[in-house]
*Asks:* 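Sharing a structure with you now.
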Amino acid sequence: MAAADAEATDDESAEEPESGTESAEGMTVIVRAEVLQQVVDQLLTVVDEAIFRIGYDGLAVAAVDPANVGMVDLDVESGAFESVGDGMFPIGLNLQRLDDYIDGASGADPVTLSYRPEMRSICIEHTNVEVEMAGIDPDAIRGEPDIPDLDPSVEFTTDAGVFRDAVESAELVSDYVELEAVVDDQELVVSGIGDTDKIETVLGPDELPEASFESDAVSMYSVAYLVGGSTGGSKYKGLLKPLDKGTDLRVEFSQEHPVKMHYDFADGFGHVTVMLAPRIQNR
Amino acid sequence: MAAADAEATDDESAEEPESGTESAEGMTVIVRAEVLQQVVDQLLTVVDEAIFRIGYDGLAVAAVDPANVGMVDLDVESGAFESVGDGMFPIGLNLQRLDDYIDGASGADPVTLSYRPEMRSICIEHTNVEVEMAGIDPDAIRGEPDIPDLDPSVEFTTDAGVFRDAVESAELVSDYVELEAVVDDQELVVSGIGDTDKIETVLGPDELPEASFESDAVSMYSVAYLVGGSTGGSKYKGLLKPLDKGTDLRVEFSQEHPVKMHYDFADGFGHVTVMLAPRIQNR
Amino acid sequence: MAAADAEATDDESAEEPESGTESAEGMTVIVRAEVLQQVVDQLLTVVDEAIFRIGYDGLAVAAVDPANVGMVDLDVESGAFESVGDGMFPIGLNLQRLDDYIDGASGADPVTLSYRPEMRSICIEHTNVEVEMAGIDPDAIRGEPDIPDLDPSVEFTTDAGVFRDAVESAELVSDYVELEAVVDDQELVVSGIGDTDKIETVLGPDELPEASFESDAVSMYSVAYLVGGSTGGSKYKGLLKPLDKGTDLRVEFSQEHPVKMHYDFADGFGHVTVMLAPRIQNR
């Protein structure tokens, strides 16, 4: 039975006790497949499981990787949803399984998510597929982080693809990438410094349409967390990997402080902040 | 020398004793590469070696996997051949090697197969390549199965791609797929039932242009045999894998009985039946 | 700082001692990315490190694989360079790292190479990337081979893609490919002879626009060296792998002697000779 019908036919559950798949009234949202996919892809860069808060306000999720080095904070306003009902529910979900279950939908295909509180499960419907997916007790999932406020001395906007290419160049020679903001040149120098070789990419005014450099600043960050391969059992691919080329990325950092990166998706209704702790340099 | 010339020049063999590659008169057929490729791909889903019967009637092969769970029965009428000669020969062939040897030909490229009985070998010619391939004694190959006649309670036709997608969805949560025919709704429900999650795809009248459901029926089948990975040393990919999207697939089954699937290829001159034993449910 | 500026500003090095990246005057060349990429790809088929001789004459490199079986001799005339300066420098370079460092440039993108003799390093600049790459002491690199002059009895020109396909067909059944030139038929027969199967590709006048067969000749060569997989720690892919289809390949060999193959690139300014020792047949 389509969960979208469930609101009107709640009393059917008495007649179909074996299904037990009725959702609580108002606990159903409908979102485009591509929006949900971006949410899942970005979260999978730090964790395997996350607590989704879904309802009349849209969707909000925050997660930090087990080493407390990388964080993702993400919300999608209700304007990105086809329908949001009038309830709100939190549910823990395994992201890799969710990724599998929405794989058959793409682009603007509507995906219906319905909460079944008595089952602690979620019903996912798209195309001609219906999935009954068990939730995870939110108490059993690592706590949601608060992304701290910072007062960055360097802020700029760049193309996510250009920034990722620069970090991947650094990866050729080192496990760390150095970001250096040079006030006088209004340039960001993205460097990898290896034992014998050094590679740097210079982003100047052409690559930084907006830039506010208060003071020179140098910080180093893990390339694995930014663009790297799988670690710790998750489908970990680096915080920057789910971003399409051409996405405007706002980057903020200060000398030896965390870097924060922001971007929007879902026609501006979706907002992502990722944060990465610095490597403290001792040389 | 081109084998196609061999019929007329059989007495050359005395002059070229080192070649010993003359084929018996009439033991040469010519077929389009894409037709032979489909034969090989479908057979490779169950076995490594098979007995080909080739000649004036076209080609016929039948094979059952070592566990006796999946069978393929396949014939190509002479109408699909460019030329069939007037003989008929059986020869055991290693399918993976045959797959390699025809790899350089594609589409409508003609492939010539000539039997050399004195060598128990087959000569394969296409493009500018000539292969002398040793046959395998048919007695050394597992016997050819008879596909039994069944009296199915459920029959329907669907797009092979749609059906395969439904089975692959079930694979996400289980090693078995459940097919349930619901007479009242004229629907086929294709489900995977996992420990915590359940996924189902509903094929209704839109997806089943022809359907004859005599009675409700439920059966479970191995997803590995239908769409799965390699097992048992062969290039095993699942019975449904070699089918192109858009191919009309006729499916027949009854409650806890084997499922049979039929499709045509080679402009209707090629006919395939695959059969898969059910999993007996004991829960 | 752009290395191209370095010639005019050599005395800056006193002011910037920490950078130490000034190149000697005239020690800078500029070449299209695709030309340098072809050089690197071809050398990587035999070695990991090679001695580049770069300067007013263009570029020259020669290398032999550790087993002394395959050799590459390669030069690019100065006409293929945007700029060559008036110096000349030899430098040992790790090819896999160089391959990584030029990966961000493609097609006609200019790549600037500047020698820094005091650092024994090379500065590579392209797009917005600058790499400081340590050189390797040429004395620590295996000596450069001399490709011997041979007096081949068989010479022909063919499409590199056609010749590679023929060798790859032979690879299906054997570790060696046999080249047999048949004077009477003006044909080259490329064969693989396996334990049970034999595969041959016949290249006739259509595939050999130029051919000079003085006498019949048969030789066998390693398919791994010609089209094979990785060996000995290098990104070894076979001497013929870096050639585009459609490239004119000139091939020369004599009975049980080495085979030499020649092709041009970089609008005719680049010249490659590869040589492969024969397998001595003892059957």
*Asks:* Please report the C-alpha distance between B:E130 and C:I199 in whole Å, then the side-chain angles of each, then the deciding distance to 0.1 Å, and finally whether the side-chain contact (heavy atoms from CB on, under 4.5 Å) criterion is met.
*Replies:* CA-CA 6 Å; B:E130 178 174 329; C:I199 188 164; over 6 Å; no
*Asks:* With a cut-off of 6.0 Å (strictly less than), are more than 12 heavy atoms of other residues, nucleotides or ligands near CG of B:D175?
*Replies:*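 It does not: B:D175 CG has 12 such atoms or fewer within range.
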*Asks:* Are there over 12 heavy-atom neighbours, none belonging to C:H271, within less than 6.0 Å of that residue's NE2?
*Replies:*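 Yes, the 6.0 Å shell around NE2 holds more than 12 heavy atoms from other groups.
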*Asks:* Let me know if C:E168 has heavy atoms under 4.5 Å from chain B in its side chain, its backbone, both or neither.
*Replies:*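 Neither; nothing under 4.5 Å.
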*Asks:* How about CG on C:D151, more than 12 heavy atoms from neighbouring residues, nucleotides or ligands closer than 6.0 Å, or not?
*Replies:*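 No, CG of C:D151 has 12 or fewer neighbouring heavy atoms, counting only those of other groups under 6.0 Å.
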*Asks:* Are any non-hydrogen side-chain atoms of C:K198 and B:V131 less than 4.5 angstrom apart?
*Replies:*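 Counting from C-beta outward, C:K198 and B:V131 never come under 4.5 Å.
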*Asks:* Above 12 or not: heavy atoms from other molecules or residues under 6.0 Å from CG of B:D146?
*Replies:*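 Not buried by this count: 12 neighbours or fewer within 6.0 Å.
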*Asks:* Report which part of C:T196 has an atom under 4.5 Å of a heavy atom belonging to chain B: side chain, backbone, both, or neither.
*Replies:*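 It is both, since atoms from each part get that close.
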*Asks:* So which residue, C:V162, C:L172, C:D165, ends up with the most heavy-atom pairs under 4.5 Å with chain B?
*Replies:*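 Of the candidates given, the most pairs with chain B belong to C:L172.
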*Asks:* Do B:R97 and C:D197 have side chains that approach each other closer than 4.5 Å (heavy atoms only, starting at C-beta)?
*Replies:*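 Counting from C-beta outward, B:R97 and C:D197 do come under 4.5 Å.
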